[in-house]
Each structure stands twice: as C-alpha cells, then as structure tokens.
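Throughout, a chain's letter reflects where its sequence line sits, starting with A, and its residues are numbered from 1.
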Amino acid sequence: AQSVTQLDSQVPVFEEAPVELRCNYSSSVSVYLFWYVQYPNQGLQLLLKYLSGSTLVESINGFEAEFNKSQTSFHLRKPSVHISDTAEYFCAVSETGGFKTIFGAGTRLFVKA
Amino acid sequence: EAGVAQSPRYKIIEKRQSVAFWCNPISGHATLYWYQQILGQGPKLLIQFQNNGVVDDSQLPKDRFSAERLKGVDSTLKIQPAKLEDSAVYLCASSLVERVRGNEQFFGPGTRLTVL
C-alpha cells in the first residue's frame, strides 16, 4: 500500500528566504509524484509533477522538486519565497498503472514580511 | 476550458439532517473523485467513478453516505443522517484517463459543511 508523509505541518519563513517542504513516500511499485497547492479559500491546484525522465521538475512560479528514488523523497524547494506563496502544500503519490492517488497531510507555508 | 464546478459552496445543517452536494467535472474527463478534507488533514478519497461505474468506494461510510454519477457526467454526494464528525470540506475532482499524465486531477473549490 502507498503512503505519504509530510514531515512538517507548518513552516514559517521570512520573505525572500529559501524554503524546503519535505515529503517522503512508500510504495512497492514505481510511482508518479505530485505537489498540489491550496491557497486560502480555494481548491487544490497542481504545482508540479514527476512522471518520468529528469528527476528535477520545476513549476512556473519558481518552485522545484527532486525525485530521489533511493531516499523515497520528493522535497519541494524555492530559493526565495514571496508573501503570495503563503498556502498549504500537499504532496501526493500515484502508482504507475493505477488510478488511486494518496495525499499527505499537508504543510502550511507561512511567509512573513 | 471551464473548471470543475461544485455547489453549494457552504452549508450549515444540524446533526441528523440530510445534505447533498453537486459536482460537474471538466468536459471529457472520465474519472471523478469525491474527497473529504477535515481541517488540518489532507484530502481523503471517499469514492472514485470511472464514467458512471464505481472504481473505489472502500473509504465511503456507506451507512450514511451515498454517491451517484448520472450518465457519466455530473455527480451528487449525499449524507443522511449527518453527524458532527462530518464537518469538513468536500472536494470534487476530475481527471482524464491518461496514465502517461499520471492522472493529474483538477479540483473544484469545495463545499464547506458545518454540522451543528
């Protein structure tokens, strides 16, 4: 069975500082990995995804995540955060060839001025 | 393209009452999901439809929750009777059946249910 662990429930950080949101997963088969973001009072939206190929994937707003198969991790990073990045971030895993997606409990990123 | 639509956005009911939520997925999306998101937790899958058939309803409390997907398009989720612990945001999502895209899901804005 798959599972996802987001190691930090809340991450406060100052504007323009770097941030890393941690995600570890477990699965007995190969997986697809996702980061979704939920801004206040909005639905979840896809931030970035790893399907295959390059292990480093990027989003259009400066986030990146690296798939590390040996560590079973998919940590999300941004070198310099903005106030507008304040949101909840969910890591998710889906088995290749399967239809079910498992979500982590979420990490609340709070960017302070 | 239009996104996933849900209604109502907010609902307040008393325990033991009934409530229904509606979802209209993105046109052409074969797969539809209902999730329950309790405050401070990640979304938990309640039921997954492939067209109008049920793929997974293992975590749906079937004694009080029911869902249907009419003609493989719109879907309704019903709770009867509601309990205090059903207070949550109910999210609807849809996806194409494309393994190469990893079944990326598109979410609606959710319905926030408060049971008093």
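Within 6.0 Å of atom CD in Q80(B), 12 or fewer heavy atoms from other residues, nucleotides or ligands are found, so the atom counts as exposed in its surroundings. Heavy atoms of other residues, nucleotides or ligands lying less than 6.0 angstrom from NZ of K112(A) number more than 12.
One hydrophobic cluster, built from ILVMFWY side chains closer than 4.5 Å, cannot hold both V93(A) and F106(B); they sit in different ones. At a threshold of 4.5 Å between side-chain heavy atoms, the hydrophobic network of Ile, Leu, Val, Met, Phe, Trp and Tyr places L77(B) and F103(A) in two separate groups. Hydrophobic clustering (ILVMFWY, side-chain heavy atoms < 4.5 Å, transitive): L21(A) and Y39(A) are in one cluster. Under a hydrophobic-cluster definition in which Ile, Leu, Val, Met, Phe, Trp and Tyr are linked whenever side-chain heavy atoms come within less than 4.5 Å, directly or via other members, F21(B) and L32(B) are assigned to the same cluster. By the rule that hydrophobic residues join a cluster once side-chain heavy atoms approach within less than 4.5 Å of another member, V4(B) and Y90(B) end up as members of separate clusters.
Note that OG1 of T101(A) is 8.5 Å distant from CG of L45(B), once rounded to the nearest 0.5 Å. F107(B) CZ to Q42(A) CD: the interatomic distance, rounded to the nearest 0.5 Å, is 14.0 Å.
Across R112(B), K44(B), Q50(B), Q37(B), the residue that shares the most heavy-atom pairs under 4.5 angstrom with chain A is Q37(B).
For L46(A), the part sitting under 4.5 Å from any heavy atom of chain B is the side chain, from C-beta outward, and nothing else. Contact annotation for Q38(A): only side-chain heavy atoms (C-beta onward) come within less than 4.5 Å of a heavy atom of chain B. For Q48(B), the part lying under 4.5 angstrom from a heavy atom of chain A is the side chain only. Within the 4.5 angstrom heavy-atom criterion, no atom of T111(B) approaches chain A.
P43(B) and G104(A) make their closest contact through CD-O, 4.5 Å (heavy atoms, listed as atom of the first residue, atom of the second, distance). Closest approach of Q105(B) and Y36(A) over heavy atoms only: N-OH, 3.0 Å.
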